[in-house]
Amino acid sequence: CSSKYVLSALHPMWQGPLVAPGGNRQSPIDIQVRKTVFDPHFKPLSPEYDPRTCSQVWNNGYSFLVEYDDTTDKSTLKGGPLEDTFRLCQFHFHWGESNAWGSEHTVDRRLFPAELHLVHWNSDKYKLFEEAVMEENGLAVIGVFLKIGNRHEGLQKLVDVLPAVRHKDSVVEFTRFDPACLLPANIDDYWSYAGSLTTPPLSEAVTWIIMKQPIEVSHDQLAVFRSLLFTSAEEEVQKSMVNNFRVQQPLKGRTVRSSFT
Ligand SMILES: NS(=O)(=O)c1nccs1
Ligand SMILES: [Zn+2]
């Protein structure tokens, strides 16, 4: 999908305000569990992904993105807090230089070593990602926490190609990958709130759906994430791609709803 405008962490704009001026629904946030409100109207979440829409992996200088062909409704997300059908366009991760931190969202201030984002746009209302990103009901992002544990066999297929996208702007073909394998066993328990993109342009267009259950990946798998570089092959000084997360943002009176009691 064309989320190519996602700027690198080094882009001048990103050096700018880490809190979007005038933003009152910015992400990420800390989820204070005792302040969440159960919403009995949430429907079961139904991700329906077609692995054949997977196309490539590329290093955009901020994270690595696994991109999906989003010209049809072949890989979609419906249900949960969502009224419309949302089309998968890409997924990516945020991680730290150590296992002690790396996630963008936190749960009662608990940090995870990494966080997966599956990015979808409202294809009932808009024709393109770029259009949807300007609208407050335009995007839906599923967040999944990663914790250190058993090796994740599904993730390994992606880890194996990461050396091919070590430098910024590198791309490698990547097909037949079902992102559902990266979802936790239990996708019925999640939190949802109205937020924003966590990288420029920080658009306040996102319905966040944060899974309660983390997935397990091995220390070695996360080490391969850290072997990626923010910098392109031509740059003299190579910078490890680590700590590519945004600082937490004020809740500003928002309510985080839960699908479970
Ligand atoms: N990290 S994020 O999922 O909020 C995102 N930023 C830009 C495109 S998708
Ligand atoms: Zn993200």
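Whatever order the structure lists ligands and atoms in, that order sets their numbers, starting from 1.
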Side-chain donor or acceptor of E104 paired with backbone N/O of P28 under 3.5 Å: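 Side chain of E104 to backbone of P28, a donor-acceptor pair under 3.5 Å: no, none is there.
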Using heavy-atom distances, let me know which of L118, T198, N60 sits nearest atom 4 (O) of ligand 1.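 The option holding the nearest heavy atom is T198.
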Check each of Y193, W208, W191 against H105 using the side-chain hydrogen bond (donor to acceptor under 3.5 Å, both in side chains) test, and report the only one that passes.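 Answer to the side-chain hydrogen bond (donor to acceptor under 3.5 Å, both in side chains) test with H105 among Y193, W208, W191: Y193.
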Among the clusters formed by ILVMFWY side chains lying less than 4.5 Å apart, do L228 and V66 turn up in the same one?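 Yes.
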Go through ligand 1 atom by atom and flag the ones less than 4.0 Å from a non-hydrogen atom of [X].
X: Q90; result: 9 (S)
X: H92; result: 1 (N), 2 (S), 3 (O), 9 (S)
X: H94; result: 1 (N)
X: L197; result: 4 (O), 5 (C), 6 (N), 7 (C), 8 (C), 9 (S)
X: V119; result: 3 (O), 9 (S)

Any side-chain heavy-atom pair from L222 and N99 closer than 4.5 angstrom?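 They are in contact (side-chain heavy atoms under 4.5 Å apart), so the answer is yes.
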What part of W208, side chain, backbone, both or neither, has a heavy atom within less than 4.0 angstrom of ligand 1?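 Answer for W208: side chain.
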Test applied, ring-ring contact (aromatic ring centres under 6.0 Å, His included); reference residue, F64; option that passes from F230, W58, F93, F174: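 Only one option passes, and that is F93.
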Restricting to N, O or S atoms, which atom of H117 is closest to the Zn ion (ligand 2)?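 Of all N, O or S atoms belonging to H117, ND1 is the one nearest the Zn ion (ligand 2).
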Taking D39 first and then R257, would you say they form a salt bridge - that is, a charged N and a carboxylate O separated by under 4.0 Å?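 Counted as a salt bridge, because a side-chain N and a carboxylate O are separated by less than 4.0 Å.
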